[in-house]
Asker: 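Can you read through this structure? Questions will come right after.
Excluded from the calculations below are hydrogen atoms, water molecules and symmetry mates; all remaining heavy atoms, backbone and side chain alike, are included. Keep in mind that what you see is a predicted model, and the values were worked out from it rather than measured. Indexing begins at 1, ligand by ligand and atom by atom, following the structure's order.
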Amino acid sequence: MVGKQMAAAALAAVAALASMAEAAPAAPAAPAAGGVRVTVTPERTSLGKSDEVAVVVTITNTSGATAYLLKWQTPFGAVEAPLFEVTRDGQPVPYLGRMVKRAPPAPDDYIALAPGASRSVRVELSALYRMDVTGAYSIRYRDGVLQLFGKPSSSYAPAHALAEPALPAASVYIAGRLPRGMAAPEPLPQGGAALGFSQCSNPQQQSVTEAFKAAQTMAQDAGAYLQGTQGPRYSGWFGAVDAARTATVARHFTAIGEAFAGKPVTVDCGCREDYYAYVYPNQPYKIHVCNAFWSAPMTGTDSKGGTLVHEMSHFTVVAGTGDWAYGHEAAAALAAGNPERAIDNADSHEYFGENTPHQDLR
Ligand SMILES: [Zn+2]
């Protein structure tokens with residue numbers, strides 16, 4: 001966002017807060033699970049074609065100690081993750097925004113909330129979710145996204161995740177409208193295996209070509225390992241061995257391998273963000289690589305090849321993974337504590353594919 005837009009957004013947030021009393025009723029307050037309360041309040045509950053679909057998100061620390069939140073798990077900045085769960089007439093509405101690969105959290109990736117403190121922000125949702133169809137929408141903060149930390153840390157030390165189930169939903173009725181700021185999903189690219197480039201210099205194209213080969217090798221190797229009995233390589237990243245979960249992971253790697261081997265993939269080098277890469281999950285097979293990608297090794301932990309595996313897993317038509325935890329430490333903790341989430345986590349797929357330190361024991 002540029003300064004002017006930011007100022008406008010700030011003003012709008014203030015206006016939204018000021019008008020809340022006369023506007024939509026807030027969703028009922030969530031229980032103070034884990035010491036942080038999240039409310040999602042629509043600016044208006046009935047919207048016409050030209051209205052913005054905006055909600056105000058308020059996060060309150062209801063505990064007696066300072067709470068630390070990871071910036072990218074909150075909307076207090078650019079929203080680059082599916083932080084909300086949106087349904088229309090009971091059916092899930094797809095997220096249209098970015099899915100990012102980030103480095104493990106550093107101390108300044110945390111936001112501190114003092115005991116009793118609240119922070120609010122206005123979020124325009126129709127650029128992030130498909131809300132162009134008439135219907136009754138329900139919007140809530142996605143379960144399990146917001147973790148509460150006792151201290152900022154460069155390692156993974158969550159005090160606890162917010163308790164589940166479920167933060168309450170806010171309801172909005174929207175009369176059909178055009179999506180704002182986000183093109184409708186593009187048709188699936190046709191054609192066979194190809195690696196294309198957008199905004200890449202010659203040296204960048206060479207580097208991406210090598211990374212692409214490394215990603216193909218990782219996907220093949222992972223697929224082959226998943227054919228046999230699962231050992232520590234599997235359980236280290238995906239948790240306790242279970243037939244249904246193993247089948248899901250095997251299906252994911254089959255799809256990832258097929259995409260690298262047989263689909264028209266485009267890598268765009270125009271991103272200048274500090275993170276590794278991002279994709280729009282409904283726009284296969286275009287992968288945007290960013291600053292951290294260029295300094296990553298070709299193979300091994302958090303590598304260029306692995307980053308491509310991570311991003312490929314996000315596409316809805318491939319494996320539709322999420323980003324529940326970033327980095328080796330957090331991904332290993334996720335495998336141990338929540339295997340269902342681990343098999344839906346992009347970094348877990350990347351680390352299984354990268355396989356560092358090397359493990360092939362069964
Ligand atoms: Zn990701």
Side-chain angles (χ1 to χ4, degrees), residues 70-75 77-85 94-106 109 128-129 142-147 156 208 211-212 214-215 218-219 222 237-238 248-249 252-253 255-256 259-260 265-296 300-335 338 340-354:
L70 268 176
K71 264 187 227 167
W72 56 74
Q73 297 179 347
T74 77
V79 174
E80 295 180 317
L83 301 180
F84 302 90
E85 211 163 77
Y95 169 71
L96 303 176
R98 292 182 181 188
M99 299 289 293
V100 171
K101 172 166 168 67
R102 299 178 183 279
D109 289 322
L128 297 168
Y129 291 86
R142 187 181 293 276
D143 287 338
V145 158
L146 189 66
Q147 289 175 297
Y156 186 71
V208 168
F212 189 81
M218 286 176 196
W237 300 121
F238 296 120
T248 300
V249 174
H252 289 175
F253 273 98
I256 293 168
F260 280 123
V265 176
T266 300
V267 173
D268 186 303
C269 304
C271 172
R272 298 291 177 267
E273 300 284 351
D274 282 337
Y275 44 66
Y276 287 86
Y278 72 91
V279 297
Y280 295 105
N282 66 329
Q283 293 179 13
Y285 300 90
K286 187 167 193 177
I287 298 173
H288 301 257
V289 293
C290 309
N291 291 355
F293 179 85
W294 300 113
S295 49
T301 305
D302 291 318
S303 59
K304 289 187 175 75
T307 296
L308 296 184
V309 171
H310 175 121
E311 296 303 334
M312 187 62 87
S313 78
H314 278 320
F315 293 120
T316 314
V317 295
V318 177
T321 59
D323 284 316
W324 298 102
Y326 291 114
H328 258 205
E329 198 173 349
L334 191 66
N338 195 337
E340 290 294 337
R341 286 261 161 79
I343 67 167
D344 185 47
N345 188 48
D347 255 0
S348 308
H349 290 71
E350 173 176 342
Y351 297 146
F352 182 80
E354 290 171 343

Asker: Any side-chain donor paired with an acceptor under 3.5 Å for Y275 and R98?
Answerer: yes
Asker: So does S303 get a backbone contact from the side chain of E354, meaning a donor-acceptor N/O pair under 3.5 Å?
Answerer: yes
Asker: Which of these passes salt bridge (charged side-chain N to carboxylate O under 4.0 Å, His left out) with K101: D274, D323, D302?
Answerer: D302
Asker: Identify which protein N/O/S atoms are less than 2.8 Å from the Zn ion (ligand 1).
Answerer: V100 O, H310 NE2, H314 NE2, D323 OD1, D323 OD2
Asker: Do you know which of Y276, Y351, W72 makes ring-ring contact (aromatic ring centres under 6.0 Å, His included) with Y326?
Answerer: W72
Asker: Take Y280 and H314 through the test ring pair (Phe, Tyr, Trp, His ring centres under 6.0 Å) and record every step on the way to the result.
Answerer: CA-CA 8 Å; Y280 295 105; H314 278 320; over 10 Å; no
Asker: Check the pair F84, V145 against side-chain contact (heavy atoms from CB on, under 4.5 Å), reporting the backbone distance first and the verdict last.
Answerer: CA-CA 9 Å; F84 302 90; V145 158; over 6 Å; no
